Amino acid sequence: TRSTRPQRLLKAVQKNATRGDPQSVISAIDHFCRHSEWAMNIGDEKGTILDSVVNELNPEKVLELGTYCGYSTVRIARLLPPGARLITLEFNGDYAAIARQVITWAGLEDRVQLVEGASEDWIPRMKEHFGIETFDLVFLDHWKDRYLPDTKLMEDCGLLRKGTVLLADNVICPGVPDYLQYVRNSLSYKSCYFKSHLEYTKAEDGLEKSVFLG
Ligand SMILES: CNc1ncnc2c1ncn2[C@@H]1O[C@H](/C=C/CNC(=O)c2cc(-c3ccc(F)cc3)cc(O)c2O)[C@H](F)[C@H]1O
Ligand SMILES: [Mg+2]
């Protein structure tokens, strides 16, 4: 039967990227998505904004909601010091299998913990299962109607501390209106919008960076 797009994306990485070289993995995926088949990775333009937020924070503990093929996982993990940890949640087994291979091709498997499961099931287990008290950075890029409930769940589970940064993809396209309204009006967050474009297109999109104030 015909291969899937994530399988073809992985093939492009294995063909065009150098093992152990995260930048070549990023470039191979961006080239594939720009010239062969569009895929919903954050992409190179918004990816540069993600990079700057990670570099500014120098986070020890990072949570990613929605791994997909692992593109943003590689972007974030390549900037982390060896002692730091990125936990990424993905409940689609096919996507998780592809992402594991992409992350390993980049040579970043020792900094990344890919958990195959749903965010709503695993957010409440971060303390007892991973020994994580709070996160320094959370990257939201999963189902758009889950950004807000999962943010409230993270608050309730005590996973956010004064200064924790939430970075949300797609706040314009496809859009996350309920989440935006919440973080922009809540007294518990200082929020700002980074205007950009939908990956590999000219359509507007952007990232919302929200600092939890405790
Ligand atoms: C709900 N809890 C979950 N737990 C674990 N993994 C999850 C969970 N929910 C989803 N996943 C996992 O997270 C991923 C979901 C990504 C969804 N992303 C998008 O839809 C998305 C869409 C566009 C887009 C824009 C314009 C257009 F014309 C078409 C598409 C652009 C983007 O950058 C996106 O991120 C994965 F697929 C799913 O299994
Ligand atoms: Mg996205």
Side-chain angles (χ1 to χ4, degrees), residues 4-10 26 29-30 32-34 36-51 53-54 62-76 86-103 112-126 129-130 132 135 137-157 159 166-180 182-183 193-210:
T4 66
R5 181 167 305 184
Q7 283 169 332
R8 295 192 292 273
L9 181 149
L10 173 61
I26 291 163
I29 294 172
D30 285 332
F32 174 80
C33 292
R34 202 172 277 288
S36 302
E37 303 183 63
W38 187 93
M40 59 182 178
N41 314 120
I42 191 172
D44 44 359
E45 192 182 319
K46 287 186 290 177
T48 308
I49 300 167
L50 170 61
D51 290 355
V53 170
V54 176
V62 185
L63 176 63
E64 176 179 62
L65 305 180
T67 316
Y68 187 43
C69 295
Y71 174 89
S72 50
T73 319
V74 168
R75 280 204 86 108
I76 296 167
L86 167 55
I87 295 175
T88 183
L89 306 179
E90 175 53 62
F91 64 8
N92 180 307
D94 297 326
Y95 296 159
I98 298 293
R100 281 191 209 290
Q101 295 174 79
V102 168
I103 293 158
V112 176
Q113 198 143 10
L114 196 163
V115 177
E116 199 172 320
S119 52
E120 60 271 23
D121 297 338
W122 282 94
I123 283 169
R125 304 180 62 194
M126 283 298 152
H129 199 89
F130 296 103
I132 298 264
F135 285 103
L137 171 65
V138 182
F139 178 55
L140 299 94
D141 195 19
H142 57 335
W143 292 158
K144 307 313 163 194
D145 63 355
R146 305 297 309 183
Y147 283 11
L148 183 54
D150 280 349
T151 296
K152 290 182 170 174
L153 184 59
M154 287 187 286
E155 288 175 13
D156 297 345
C157 295
L159 289 172
L166 304 186
L167 189 66
D169 191 24
N170 311 117
V171 296
I172 302 297
C173 179
V176 281
D178 61 342
Y179 173 83
L180 270 194
Y182 179 72
V183 290
Y193 173 60
F194 291 79
K195 184 181 165 99
S196 185
H197 295 95
L198 177 68
E199 50 265 28
Y200 318 115
T201 78
K202 292 185 167 48
E204 184 181 343
D205 189 22
L207 303 175
E208 188 82 1
K209 178 188 170 192
S210 308

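All ligand and atom numbering here is 1-based and tracks the order in the structure. Keep in mind that this is a model prediction, so the values were computed, not measured.
Between Ile172 and Tyr193 the shortest heavy-atom distance is CG1-OH, 3.0 Å. Considering every non-hydrogen atom in both Met126 and Leu63, the closest pair reads CE-CD1, 4.0 Å. Taking each heavy atom of Cys33 and Asn41 in turn, the nearest pair found is SG-OD1, 3.1 Å. Heavy-atom minimum distance, Ile42 versus Ser72: CG2-CB, 4.2 Å. Shown here for Arg5 and Ala39, the closest heavy-atom pair between the two residues is CD-CB, 4.3 Å. Closest approach of Asp169 to Tyr147, counting heavy atoms only: O-OH, 2.7 Å.
Considering backbone and side-chain N/O atoms, Asn41 never comes within less than 3.5 Å of an N/O atom of ligand 1. Looking at Ser119 next to ligand 1, an N or O pair under 3.5 Å apart turns up. Between Thr67 and ligand 1, no pair of N/O atoms sits closer than 3.5 Å. When only interatomic distances are considered, the shortest N/O to N/O separation between Glu199 and ligand 1 falls below 3.5 Å. For ligand 1, none of its N or O atoms has an N or O atom of Lys46 under 3.5 Å away. Backbone and side-chain nitrogen or oxygen atoms of Glu120 are examined, and one is located within less than 3.5 angstrom of a nitrogen or oxygen of ligand 1.
In Asp141, the N, O or S atom that comes nearest to the Mg ion (ligand 2) is OD1.
Proximity of Tyr147 to ligand 1, defined as any heavy-atom pair under 4.0 Å, is not found for any part of the residue. In His142, the parts holding a heavy atom less than 4.0 Å from any atom of ligand 1 are both the side chain and the backbone. The proximity of Leu198 to ligand 1, defined as any non-hydrogen pair under 4.0 Å, is limited to the side chain. Proximity of Asp150 to ligand 1, defined as any heavy-atom pair under 4.0 Å, is not found for any part of the residue.
Leu153 has its side chain within reach of Pro124: a pair of non-hydrogen atoms, C-beta onward, lies under 4.5 Å apart. The closest side-chain heavy-atom distance from Val176 to Leu140 is not below 4.5 Å. Counting heavy atoms from C-beta outward, Asp94 and Pro6 have side chains that stay 4.5 Å or more apart. For the pair Tyr71 and Asp30, the minimum side-chain heavy-atom distance is below 4.5 Å.
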Next item on the list: Evaluate the side-chain contact (heavy atoms from CB on, under 4.5 Å) criterion for residues Glu199 and Trp38: first the C-alpha distance (whole Å), next the side-chain angles of each, then the deciding distance (0.1 Å), finally the verdict.
Entry: CA-CA 8 Å; Glu199 50 265 28; Trp38 187 93; 3.7 Å; yes

Next item on the list: Take Phe91 and His142 through the test side-chain contact (heavy atoms from CB on, under 4.5 Å) and record every step on the way to the result.
Entry: CA-CA 10 Å; Phe91 64 8; His142 57 335; over 6 Å; no

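The Mg ion (ligand 2) has an N, O or S atom of Asn170 inside 2.8 Å of it. Taking backbone and side chain together, Asp169 holds an N, O or S atom under 2.8 Å from the Mg ion (ligand 2).
Ranked by closest heavy atom to atom 38 (C) of ligand 1, the top entry among Glu90, Lys144, Glu64 is Glu90. The closest non-hydrogen atom to atom 30 (C) of ligand 1, taken over Trp38, Tyr68, Phe91, Trp143, comes from Trp38.
Heavy-atom proximity to Leu89, at under 4.0 Å, picks out these atoms of ligand 1: 5 (C), 6 (N). Applying the 4.0 Å criterion to heavy atoms of Asn170 picks out, from ligand 1, the atoms 31 (C), 32 (C), 33 (O), 34 (C), 35 (O). Of all the atoms in ligand 1, the ones that sit under 4.0 Å from a non-hydrogen atom of Gly66 are 13 (O). Annotation for ligand 1: atoms under 4.0 Å from non-hydrogen atoms of Asp169 are 33 (O). Remark: ligand 1 atoms within the under-4.0 Å shell around heavy atoms of Asn92 are 39 (O).
The pair Lys144-Asp141 meets the salt-bridge criterion, with a side-chain N (NZ, NE, NH1 or NH2) lying under 4.0 Å from an Asp/Glu carboxylate O.
Looking from atom 37 (F) of ligand 1 to the surrounding protein, the closest heavy atom is Tyr95 CE1, 3.2 Å. Of the protein's non-hydrogen atoms, Asp141 O, 3.3 Å is the one closest to atom 16 (C) of ligand 1. The closest protein non-hydrogen atom to atom 22 (C) of ligand 1 is Pro174 CG, 3.6 Å.
Between the OG atom in Ser196 and the CG atom in Asn170 there is a gap of 10.5 Å [rounded to 0.5 Å].
When the options Val53, Val138, Ile76 are evaluated for a side-chain contact (heavy atoms from CB on, under 4.5 Å) with Leu167, the one that passes is Val53.
By the definition of a contact as any protein heavy atom under 4.0 Å away, atom 27 (C) of ligand 1 is not in contact.
Residue contacts with ligand 1 include Gly117, since one or more of its heavy atoms lies under 4.0 Å from the ligand.
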